Amino acid sequence: VQLQASGGGLVQAGGSLRLSCAASGSTFSINPFGWYRQAPGKQRELVATITSGGSKNYADSAKDRFTISRDNAKNTVYLQMNSLKPEDTAVYYCNADVSTIVGPSVRSRVYWGQGTQVTVSS
């Protein structure tokens, strides 16, 4: 399974970006699917996650500004980021808890995408 993230870039404060992450390979289900970020000198932190049923969880810093969504048919998760702030500057990583069918069993493993840089200038 590979996760390919895209959509990062440089934007001015108050602007918007939309991140996408597509999962490819053998997947039975992805639950949850989400985004984390890591700023320089800081630990990686949760941004938002979404279950296969559509339940969403946001970090306090993302509430009211970011919206997570997914297209189950395309195994893709999106993060719409509005009203961006300089403190949102980080590398954003998509994360997927992927279940696959192996013979009579279902196995789960967590995968990370390669990261996409988001830079917000003041």
Side-chain angles (χ1 to χ4, degrees):
V1 175
Q2 290 187 330
L3 302 180
Q4 183 66 47
S6 61
L10 173 64
V11 65
Q12 288 188 334
S16 299
L17 285 173
R18 187 186 192 219
L19 306 183
S20 300
C21 177
S24 61
S26 178
T27 63
F28 173 61
S29 70
I30 302 175
N31 194 30
F33 214 164
W35 292 93
Y36 289 70
R37 69 186 183 186
Q38 187 167 18
K42 295 187 177 180
Q43 290 188 330
R44 192 171 297 188
E45 63 179 7
L46 169 75
V47 178
T49 61
I50 183 169
T51 68
S52 57
S55 296
K56 303 174 185 180
N57 179 47
Y58 293 96
D60 288 343
S61 59
K63 288 178 182 177
D64 301 323
R65 299 188 299 125
F66 295 0
T67 301
I68 191 169
S69 61
R70 64 188 287 172
D71 184 331
N72 290 328
K74 295 181 179 180
N75 283 338
T76 300
V77 66
Y78 306 95
L79 185 69
Q80 177 66 44
M81 303 186 294
N82 299 327
S83 302
L84 283 161
K85 304 175 181 179
E87 50 264 43
D88 294 319
T89 295
V91 178
Y92 284 69
Y93 297 91
C94 61
N95 170 278
D97 193 334
V98 179
S99 295
T100 56
I101 296 176
V102 181
S105 304
V106 176
R107 295 183 182 177
S108 293
R109 177 180 168 181
V110 174
Y111 292 87
W112 291 91
Q114 83 283 9
T116 184
Q117 177 71 46
V118 171
T119 302
V120 184
S121 63
S122 57

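These figures come from a predicted structure and were not determined experimentally.
Atom CE in M81 sits 11.5 Å away from atom CZ in R18 (nearest 0.5 Å). The distance from the CZ atom of R44 to the CZ atom of R37 is 13.0 Å, given to the nearest 0.5 Å. For the atom pair CG of N57 and NZ of K63, the computed distance is 7.5 Å after rounding to the nearest 0.5 Å. Separating the OG1 atom in T51 from the CD1 atom in I68 is a distance of 10.0 Å, to the nearest 0.5 Å. Atom OH of residue Y78 and atom OG1 of residue T67 lie 14.5 Å apart, to the nearest 0.5 angstrom. Once rounded to the nearest 0.5 Å, the distance linking CG of L84 with CZ of R65 reads 6.5 Å.
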Can you give me every donor-acceptor pair (side chain of residues 94-109, partner residue at least two apart or in another chain, under 3.5 Å) with its distance?
from, atom 1, to, atom 2, distance (Å)
S99, OG, S108, OG, 2.9

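Side-chain heavy atoms closer than 4.5 Å link hydrophobic residues (I, L, V, M, F, W, Y) into clusters, and following such links, possibly through other members, connects W35 to Y58. Residues Y93 and F66 are members of separate hydrophobic clusters, defined by side-chain heavy-atom contacts under 4.5 angstrom among Ile, Leu, Val, Met, Phe, Trp and Tyr. Note on V91 and V110: same hydrophobic cluster, where clusters join Ile, Leu, Val, Met, Phe, Trp and Tyr whose side-chain heavy atoms are under 4.5 Å apart, directly or indirectly. Y111 and F33 fall within the same hydrophobic cluster, where Ile, Leu, Val, Met, Phe, Trp and Tyr residues are linked whenever their side-chain heavy atoms come under 4.5 Å apart, directly or through other members. Under the 4.5 Å side-chain heavy-atom criterion for Ile, Leu, Val, Met, Phe, Trp and Tyr, L46 and W112 are members of the same hydrophobic cluster.
Between Q80 and S16, the shortest heavy-atom distance links the atoms NE2-CB, 3.9 Å. Shown here for R70 and I50, the closest heavy-atom pair between the two residues is NH1-O, 3.2 Å. Nearest heavy atom pair, residue L19 against residue G8, reads CD2-N, 3.5 Å. Across all their heavy atoms, P32 and T49 have their closest contact at CB-CB, 4.3 Å. Residues A39 and T89 share a closest heavy-atom pair of CB-O, 3.7 Å. Residues C21 and L3 come closest through the heavy atom pair SG-CB, 3.8 Å.
Contact of the V77 side chain with the L79 side chain is not registered, since no non-hydrogen atoms from C-beta on lie closer than 4.5 Å.
Neither side chain, Q4 nor S6, offers a donor N or O lying under 3.5 Å from an acceptor on the other.
Here D88 does not pair with K85 in a salt bridge; the nearest charged N to carboxylate O distance is not below 4.0 Å.
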